[in-house]
Visitor: 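Before I ask anything, let me first share the structure, which is written out below as structure tokens.
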Amino acid sequence: MKCGLTMAASKMLMASFTAFRPLTCAASASYPARLAPHPPDLIKWVRREGGFVHEAVKIAQDSSFGLGLVASEEIPKGSELIVLPEHVPLRFDSIESDGGDGVDSVLDDLARLVPEELWAMKLGLKLLQERAKTGSFWWPYISSLPETFNIPIFFPGEDIKNLQYAPLLYQVNKRCRFLLDFEKEVKRALENLKSNDHPFGGQSVDASSLGWAMSAVSSRAFRLYGKKLRGGNYNDIPMMLPLIDMCNHSFNPNAAIVQDQDNRNMKMLVKVVAETEIKENDGLVLNYGCLNNDLFLLDYGFVIPSNPYDCIELKYDGALLDAASMAAGVSSPNFSAPSSWQKEILCQLKLDGEAPLLKVCLGGSELVEGRLLAALRVVLADDIETVQKQDLNKLKSISAEAPLGIANELAAFRTVIALCVIALGHFPTKIMEDESLLSKGVSDSTQLAIQFRIQKKSVIIDVMRDLTRRVKLLASKETATSQG
């Protein structure tokens, strides 16, 4: 049977797998249905498999993230919350081997076609294999996974446009193109296979099922230590951690993942340990990483308001910077035609020369990316001797107050402010318009797209406010110096 859902994401359901794992059609508008209408009790399964789950840890509905883990009573700091033995995490070990026969060989060959930046697809192949397999060891876990994911590759075309942010649109289109191309590679690899060698039990795999698997992994997997390498280091390997992956995200986590070893058999253990005292009814939260909203939306399907690590990407472009500088009142800027000594420094900053890295960022922890700030200070400087006296790292630091003089610093900051104005102008709507749209009630995907672009505009505005404050302080110092 096939589901007749109206959500755009339903296109990505694995309809071809329904002969083995019938999909439920009871999808919720707010929280997507699980793969099975009544999945097995995951806590009981983990305990039955030799794992440990603290008696106060329960699965509950979270108003922001859907299902999550909560404490039913107070839990002391340092307590072990969940412990998974080595055989419970789902991982793709065969890709590390020297090759294999039949099923393993086919999966290995397909995984080698996946670019490293889309690593989630490699483990996704293993997930699809286990999903298709009747009697899979991991079915109690897999059956509890969502049947749809509200992330940009599943958005309707109109909501992809609603993101209004070119770098993210590029990533969404790149992932969609990959899935369509990879579908062809998979079908080519599967045709004419003997049934015993077919990694998906004879079932066809398309871009929809591949997209589901990649999304399930990217939103839930953790990269942990794998095998010990020569020299004492470890390689990292993505793992899906049943139950643990129901801990939601916070930049102020109350729990952390720890890899340990079972003293009885020396096998790996994956633990979640309370980093703080956890109060009754508190959710168990982990820090997924210091990520910007692009990655949170692409991989996890949510946007964090006032994310301290969010930023906007710009291209270092001489003509654009000349226009911004002139708008800021700088006379005759020469970003388009830097002098030879300036060009030499720009090469050191990887903003000129062979294979330059022209992507620069505003916002986040740096406010203005160091490479961009150094370039502005250098190109807006007149005196080569003054520049050469300064260490390049100092020129990249915003905390180094006016290393090339107050006039130079004012010109650099005002140029960035003008750059922000130009960047804001590329968004077709204003924040007030976006907030008005949200208040009228929109679909889940439209809501996420609007929330995302509001946060991007807010990043730009915050950078402008911070730099405007710095400009006022510098201007007052310049005035006091001239009067003194």
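Note that the numbering runs from 1 along the sequence shown for the chain. We use all heavy atoms of the structure for the numbers below, so side chains are in, but hydrogens, waters and symmetry mates are not. These numbers come from a predicted model, not from an experiment.
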Visitor: Between Asp383 and Lys389, does any side-chain N to carboxylate O distance fall below 4.0 Å?
Guide: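 So Asp383 does not pair with Lys389 through a salt bridge.
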Visitor: Step by step, would you call Leu35 with Trp212 a side chain to side chain contact (heavy atoms under 4.5 Å, CB included)?
Guide: CA-CA 11 Å; Leu35 284 183; Trp212 176 87; 3.6 Å; yes
Visitor: When rounded to the nearest 0.5 angstrom, what distance separates CD1 in Ile75 from CD in Glu277?
Guide: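 That separation rounds to 10.0 Å.
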Visitor: Looking at Asp466 and Arg469, does any basic side-chain N land under 4.0 Å from a carboxylate oxygen?
Guide: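 Salt bridge: yes.
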Visitor: Please round to the nearest 0.5 Å and tell me the distance separating atom CG of Leu448 and atom OG of Ser443.
Guide: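 OG of Ser443 is found 9.0 Å from CG of Leu448.
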Visitor: Are there over 12 heavy-atom neighbours, none belonging to Lys58, within less than 6.0 Å of that residue's NZ?
Guide: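 Yes, because the 6.0 Å sphere around NZ of Lys58 holds more than 12 heavy atoms from other groups.
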Visitor: Are Arg34 and Glu147 within salt-bridge range, i.e. N to O under 4.0 Å?
Guide: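 Result for this pair is no, no salt bridge flagged.
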Visitor: With side chain to side chain contact (heavy atoms under 4.5 Å, CB included) as the criterion, how do Lys456 and Tyr165 come out once you've worked through the C-alpha distance, each side chain's angles and the decisive distance to 0.1 Å?
Guide: CA-CA 8 Å; Lys456 287 298 173 188; Tyr165 182 62; 3.8 Å; yes
Visitor: Ignoring hydrogens and angles, tell me if any N or O in the side chain of Ser476 forms a donor-acceptor pair with the backbone of Leu473 under 3.5 Å.
Guide: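 Yes; judged by distance alone, with no hydrogens or angles, the pair exists.
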Visitor: Which pair of non-hydrogen atoms, one from Pro403 and one from Gln390, has the smallest distance, and what is that distance?
Guide: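 In terms of heavy atoms, the two residues are closest at O-NE2, 3.2 Å.
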Visitor: So Asp294 and Gln171, side chain to side chain contact (heavy atoms under 4.5 Å, CB included) or not? Walk me through it.
Guide: CA-CA 9 Å; Asp294 304 49; Gln171 289 298 328; over 6 Å; no
Visitor: With rounding to the nearest 0.5 angstrom, report the OG to CG distance, Ser72 to Asp282.
Guide: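 It is 11.5 Å, given to the nearest 0.5 Å.
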Visitor: Does a salt bridge link Glu117 with Lys174, judged by any charged N lying under 4.0 Å from a carboxylate O?
Guide: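 Answer for the salt bridge query: yes.
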Visitor: Is there a donor-acceptor contact under 3.5 Å from the side chain of Ser219 to the main chain of Ser215?
Guide: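 Checked: pair present.
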Visitor: Nearest 0.5 Å, what's the CD1-CD distance between Ile450 and Gln447?
Guide: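 So the gap between those two atoms works out to 8.0 Å.
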Visitor: For the pair Asn254 and Thr276, evaluate side chain to side chain donor-acceptor pair (under 3.5 Å) and give the outcome as yes or no after the intermediate values.
Guide: CA-CA 5 Å; Asn254 55 21; Thr276 65; 5.1 Å; no
Visitor: For the pair Glu401 and Lys477, find out whether any cationic side-chain nitrogen is under 4.0 Å from an anionic carboxylate oxygen.
Guide: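 Salt bridge: yes.
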Visitor: Examine distances only and state if a side-chain atom of Thr415 and a backbone atom of Ala411 form a donor-acceptor pair shorter than 3.5 Å.
Guide: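 Yes, the answer is positive, given that a donor and an acceptor are paired below the 3.5 Å cut-off.
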Visitor: Would you check if the side chain of Arg371 reaches a backbone N or O of Leu357 as a donor-acceptor pair within less than 3.5 Å?
Guide: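 Looks like yes, one N/O pair under 3.5 Å.
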Visitor: Search all heavy atoms of Gly211 against all heavy atoms of Ile153 and return the closest pair with its distance.
Guide: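 That closest heavy-atom pairing would be O-CD1, 4.3 Å.
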Visitor: Between Asn393 (side chain only) and Lys396 (backbone N and O only), is there a donor and an acceptor less than 3.5 Å apart?
Guide: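 Here the side-chain-to-backbone pair does not exist.
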Visitor: Show your working on side chain to side chain donor-acceptor pair (under 3.5 Å) between Asp310 and Asn293 and close with a plain yes or no.
Guide: CA-CA 6 Å; Asp310 203 15; Asn293 277 336; 3.1 Å; yes
Visitor: State, yes or no, whether a side-chain contact exists between Leu362 and Leu372 at a heavy-atom distance under 4.5 Å.
Guide: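 They are in side-chain contact.
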Visitor: Take Gln342 and Ser339 through the side chain to side chain donor-acceptor pair (under 3.5 Å) test and state the conclusion after the steps.
Guide: CA-CA 5 Å; Gln342 290 170 333; Ser339 62; 3.2 Å; yes
Visitor: In plain terms, say whether Lys359 and Glu313 are close enough for a salt bridge, that is, a side-chain N and a carboxylate O under 4.0 Å apart.
Guide: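 The answer is yes: the pair qualifies as a salt bridge.
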Visitor: Rounded to the nearest 0.5 Å, what separates atom CG in Leu380 from atom CG in Asn334?
Guide: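 Rounded to the nearest 0.5 Å, the CG-CG separation comes out at 8.0 Å.
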Visitor: So, for Ala255 and Leu286, which heavy atoms are closest and what is the spacing to 0.1 Å?
Guide: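 In this case the closest contact between Ala255 and Leu286 is O-CD2, 3.4 Å.
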Visitor: What distance do Leu437 atom CG and Ile454 atom CD1 have between them, rounded to the nearest 0.5 Å?
Guide: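 One finds 8.5 Å between CG of Leu437 and CD1 of Ile454.
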Visitor: Determine yes or no for a side-chain-to-main-chain donor-acceptor pair under 3.5 angstrom, with Asp206 supplying the side chain and Ser209 the backbone.
Guide: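 Confirmed, Asp206 side chain pairs with Ser209 backbone.
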Visitor: With a 3.5 Å cut-off and no angle check, do the side chains of Ser325 and Asp322 form a donor-acceptor pair?
Guide: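 Distance-only check fails for Ser325 and Asp322.
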Visitor: Kindly indicate, with the supporting measurements, whether the criterion side chain to side chain donor-acceptor pair (under 3.5 Å) is fulfilled by Asp245 and Tyr141.
Guide: CA-CA 11 Å; Asp245 63 13; Tyr141 166 62; 2.5 Å; yes
Visitor: Quick one, Leu392 with Leu349, criterion side chain to side chain contact (heavy atoms under 4.5 Å, CB included). Give me CA distance, side-chain angles, the key distance, then yes/no.
Guide: CA-CA 9 Å; Leu392 192 57; Leu349 296 168; 4.0 Å; yes
Visitor: Given side chains that start at C-beta, do those of Met239 and Phe222 come closer than 4.5 Å, heavy atoms only?
Guide: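 Heavy-atom side-chain distance check fails, nothing below 4.5 Å.
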Visitor: With distance as the sole test, does Ser79 use its side chain to make a donor-acceptor pair with the main-chain N or O of Leu81 at under 3.5 Å?
Guide: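 Such a contact is absent between Ser79 side chain and Leu81 backbone.
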Visitor: Suppose we call two aromatic rings close when their centres sit under 6.0 Å apart. Are Phe251 and Tyr309 close by that rule?
Guide: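 Yes, close enough.
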Visitor: Between Lys430 and Leu424, is any pair of side-chain heavy atoms under 4.5 Å apart?
Guide: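 SC-SC contact between Lys430 and Leu424 ruled out.
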Visitor: Under the salt bridge (Lys or Arg N to Asp or Glu O under 4.0 Å) rule, what do Arg175 and Asp299 come out as? Steps first, then yes or no, please.
Guide: CA-CA 11 Å; Arg175 292 188 182 198; Asp299 289 339; 2.8 Å; yes
Visitor: So, is the end of the Lys126 side chain (NZ or CZ) under 6.0 Å from the ring centre of Phe92 and within 45° of the ring's axis?
Guide: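 Judged by the rule (NZ or CZ under 6.0 Å from the ring centre, within 45° of its axis), Lys126 is not positioned above Phe92.
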Visitor: Thinking salt bridges, do Glu80 and Lys271 make one under a 4.0 Å N-O criterion?
Guide: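 Salt bridge present between Glu80 and Lys271.
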Visitor: Less than 6.0 angstrom separating the ring centers of Phe296 and His249, yes or no?
Guide: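 Yes, they do, as the ring centres are separated by less than 6.0 Å.
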Visitor: Checking the side chain of Glu183 only, and the main-chain atoms of Ala207 only, is there a donor and an acceptor separated by less than 3.5 Å?
Guide: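 It does hold such a pair.
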Visitor: Can you establish whether the number of heavy atoms outside Glu344 located under 6.0 Å from its atom CD is more than 12?
Guide: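 Not buried by this count: 12 neighbours or fewer within 6.0 Å.
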Visitor: Heavy atoms only: give me the nearest Asn248-Leu67 pair and the separation to one decimal.
Guide: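 Closest pair (atom of Asn248, atom of Leu67, distance): ND2-O, 3.9 Å.
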Visitor: Less than 4.0 angstrom from a charged side-chain N to a carboxylate O is my criterion; do Arg223 and Glu116 meet it?
Guide: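 So Arg223 pairs with Glu116 through a salt bridge.
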